[in-house]
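This report refers to the structure that appears directly beneath it.
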2 protein chains.
Amino acid sequence: MVEKREKSWQAGPLRIRVTLPGDEPAGPKERLTVDRIVDAAMSLMAEKGYDAVSMRSLAKELGTGPASLYAHVASKEEVDQLVLDRIGAELHVPAPDADHWDEQLRQVLRDMLALYRRHPGSARAAIGMIPTGMGALRTMEGMLAICDAGGISPQASAWFCDLAAAYVSAIAVEEAIWVQRDNTTASGDDPDHTALDEQLRALMESLPAAEFPLVTSRAGVMTAGDGDDRFEFGVAVLVAGLAAVSEKYR
Amino acid sequence: MVEKREKSWQAGPLRIRVTLPGDEPAGPKERLTVDRIVDAAMSLMAEKGYDAVSMRSLAKELGTGPASLYAHVASKEEVDQLVLDRIGAELHVPAPDADHWDEQLRQVLRDMLALYRRHPGSARAAIGMIPTGMGALRTMEGMLAICDAGGISPQASAWFCDLAAAYVSAIAVEEAIWVQRDNTTASGDDPDHTALDEQLRALMESLPAAEFPLVTSRAGVMTAGDGDDRFEFGVAVLVAGLAAVSEKYR
DNA sequence: ACCTGAACACCGTTCAAGT
DNA sequence: ACCTGAACACCGTTCAAGT
């Protein structure tokens with residue numbers, strides 16, 4: 001009834017896999033591999049969000065039962081870890097330039113957020129995960145090199161890698177959760193979360209001015225800016241703060 | 001078969017509820033209220049971790065079925081929100097002191113983390129949640145006042161509230177996830193996650209030195225310090241960074 | 001208005017049995 | 001070695017029915 005509908009081949013270092021539209025249930029005779037499981041997890045995540053990725057939905061996508069996956073991965077958590085490792089390998093940190101170390105560092109953080117955005121749902125998998133994939137380690141190496149070029153102390157550089165990763169993934173998770181809510185609530189109408197900002201602003205303005213003089217009078221500035229504006233502020237604070245405290249952590 | 005085994009009464013502003021040991025299934029005649037649901041969620045979370053809190057376990061704790069909860073709350077998410085609102089009310093921000101605004105701000109962030117730690121599992125509920133409870137709003141008001149005393153621009157102050165909340169809750173979630181893992185893996189032996197640090201350090205040192213000169217040579221400093229040391233660094237970076245960039249966001 | 005039992009449509013993981 | 005069906009012990013939420 002179902003023939004081989006999926007094609008995959010190796011072309012040098014690239015693994016190419018093509019699935020024609022309407023081929024969702026996939027060929028059941030294709031051998032299960034860790035790579036195929038990770039592929040399926042990433043495409044399912046991108047298409048339907050993190051919550052749609054389960055051992056069962058993954059198995060269905062691959063034309064098998066959930067128990068079969070456990071011959072290749074130990075747990076759902078391992079699948080998440082593998083997805084993150086694969087994504088992490090996409091980030092490339094430039095060679096350090098001492099004159100622009102701070103801008104380079106800010107750019108790495110922007111690229112990290114862009115990576116999560118490019119793979120919707122991936123941020124949710126990153127919650128509480130310590131990244132130990134080769135990609136993440138290479139990113140660390142690159143960040144340390146840039147910090148060195150900027151004269152940042154080794155201890156401050158080391159802890160900054162953690163701090164930056166925690167901040168970026170926190171922002172990415174927050175965004176991922178709105179996006180998911182927007183997708184399930186409003187039926188693809190318009191993706192502005194400005195409605196939510198407007199609501200929050202109204203809430204702040206409606207507070208008793210005597211008890212909340214600042215929140216009420218600054219409701220506008222509190223809800224100002226989009227995600228990028230706020231992230232850019234965060235990135236600026238982090239890098240400026242690093243420069244400022246570096247000496248204290250020598 | 002089961003009599004009223006739970007006692008609760010009002011004593012001034014305090015709500016006191018005593019459940020004798022062995023009374024877990026609770027009296028089934030006590031009327032269900034939102035407050036009782038939130039009480040149950042908080043104690044279940046503290047005792048058995050966030051994952052143990054479900055609409056079903058909550059119902060069992062309250063001596064009823066899961067469907068009954070929906071007469072008082074709309075969803076599990078609302079329960080989480082209510083728990084967070086209650087916890088948020090515990091934080092108190094001091095009146096601003098212009099000479100020590102930066103130390104005051106750092107202390108608020110420390111207190112925020114302490115709050116999550118005092119209610120284990122609560123951090124997990126905070127993921128992707130925009131805090132709109134009265135407690136959170138009062139905390140914002142207090143932080144804005146301290147920033148004002150420090151001469152920070154309104155825009156920088158406003159965005160800093162967000163940034164700080166995101167950072168602290170990211171750290172709290174990370175900690176909550178170790179704790180949960182430690183509790184389920186090692187059977188209450190010793191709660192040092194230093195073993196994990198040691199493992200990470202070994203991994204870094206085992207990397208090829210040619211490709212990872214900094215990660216390998218600085219594995220020690222990368223895994224140095226406990227949670228408090230690293231958090232203190234983060235807090236120092238954030239507040240110093242705020243002071244540094246404030247003028248750019250006037 | 002509040003509560004209930006039963007059901008719906010899901011989870012992750014295990015395990016004996018097959019090939 | 002790899003895969004499978006069936007089961008175990010769970011989820012959140014809905015809804016008609018009761019009081």
Side-chain angles (χ1 to χ4, degrees), chain A residues 1-2 4 6 25-38 40-41 44-45 47-83 121 124-125 127-129 177 180-181 184-185, chain B residues 1-2 4 6 25-38 40-41 44-45 47-83 121 124-125 127-129 177 180-181 184-185:
Chain A
M1 181 201 175
V2 184
K4 216 177 173 186
E6 200 183 77
K29 290 274 86 80
E30 188 110 32
R31 255 172 139 293
L32 219 46
T33 61
V34 176
D35 262 356
R36 286 190 66 219
I37 293 171
V38 176
L44 206 54
M45 216 162 66
E47 277 169 46
K48 305 201 187 152
Y50 180 78
D51 288 331
V53 182
S54 68
M55 294 305 267
R56 298 173 112 99
S57 63
L58 227 38
K60 190 170 285 179
E61 197 82 354
L62 293 162
T64 183
S68 302
L69 304 178
Y70 288 87
H72 300 91
V73 294
S75 61
K76 168 108 205 296
E77 204 190 322
E78 188 178 322
V79 176
D80 284 348
Q81 184 75 255
L82 290 167
V83 166
R124 292 276 303 277
I127 291 174
M129 217 77 117
I177 286 172
Q180 190 115 330
R181 272 208 257 277
T184 51
T185 307
Chain B
M1 182 199 175
V2 185
K4 217 175 171 189
E6 202 183 76
K29 292 273 85 79
E30 187 109 33
R31 257 173 137 291
L32 218 47
T33 61
V34 175
D35 262 355
R36 286 190 65 218
I37 293 171
V38 176
L44 206 53
M45 215 161 66
E47 277 169 45
K48 304 201 185 149
Y50 180 77
D51 288 332
V53 183
S54 68
M55 294 305 267
R56 297 174 111 100
S57 64
L58 227 39
K60 191 170 285 176
E61 196 82 354
L62 293 162
T64 183
S68 302
L69 304 178
Y70 289 87
H72 300 91
V73 294
S75 62
K76 169 108 203 298
E77 206 189 321
E78 188 178 323
V79 176
D80 284 348
Q81 185 74 255
L82 290 166
V83 166
R124 293 275 304 278
I127 291 175
M129 218 77 118
I177 287 173
Q180 189 115 332
R181 272 209 257 279
T184 51
T185 308

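By convention in this document, chain letters (A, B, ...) are assigned in the order of the sequence lines, proteins followed by strands, and residues within each chain are numbered from 1.
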- Query: To the nearest 0.5 Å, what is the distance between NE2 (B/His72) and CG (B/Leu82)?
  - Reply: 12.5 Å
- Report the distance from atom CG of B/Leu44 to atom OG of B/Ser57, rounding to the nearest 0.5 Å. 4.5 Å
- Provide the Watson-Crick or G-U wobble partner of C/dC11, both distances under 3.5 Å; none if there is no partner. none
- Query: According to a strict under-4.0 Å criterion, is B/Ser54 in side-chain N/O contact with OP1 or OP2 of D/dG12?
  - Reply: yes
- Side chain of B/Thr64 only, please: which of D/dT4, C/dC11, C/dT4 is the nearest? C/dT4
- For the pair made of CG in B/Leu69 and C1' in D/dC15, what is the distance, rounded to whole Å? 16 Å
- Query: What's the OH-C1' distance between A/Tyr70 and D/dC2, to the nearest Å?
  - Reply: 16 Å
- Whole angstrom value for the distance that separates C1' of C/dT13 from NE2 of A/His72: 17 Å
- Item | Separation of the P atoms in D/dA9 and C/dC10, to the nearest angstrom | 22 Å
- Would you mind telling me which residue lines up with the more 5' stretch of DNA chain D, A/Ala71 or A/Ala67, judged by nearest nucleotide? A/Ala71
- Message: Rounded to whole Å, please give me the gap between NZ in B/Lys48 and P in D/dC10.
- Response: 11 Å
- Whole angstrom value for the distance that separates C1' of C/dC11 from CD of A/Glu77: 16 Å
- Roughly how far, to the nearest 0.5 Å, is NZ of B/Lys76 from CG of B/Leu69? 11.5 Å
- Where the side chain of B/Pro66 is defined as all heavy atoms beyond and including C-beta, which of D/dC11, D/dC15, D/dT13 is the nearest nucleotide? D/dT13
- Could you check whether B/Ser68 gets within reach of a base, just the sugar-phosphate, or nothing at all, counting any heavy atom under 4.0 Å? base
- Message: My understanding is that a pair needs two contacts under 3.5 Å, Watson-Crick or G-U wobble. By that rule, which nucleotide pairs with D/dT4?
- Response: C/dA16
- Side-chain contact check for A/Met55: nearest option of C/dT13, D/dC2, C/dC15 is C/dT13
- May I have the distance from B/Arg56 (atom CZ) to D/dA9 (atom C1'), rounded to whole angstrom? 11 Å
- B/Arg124 versus B/Ile177: any side-chain heavy-atom pair under 4.5 Å? yes
- How close or far is atom P of C/dT14 from atom NZ of A/Lys76, stated in whole angstroms? 15 Å
- Any chance you could measure A/Ile127, atom CD1, to B/Ile127, atom CD1, to the nearest 0.5 Å? 4.0 Å
- Could you state the atom-to-atom distance from CG of A/Asp51 to P of C/dA9 in whole Å? 19 Å
- Item | Nearest to side-chain heavy atoms of B/Leu32, which nucleotide of D/dC2, C/dG12, C/dC3 | C/dC3
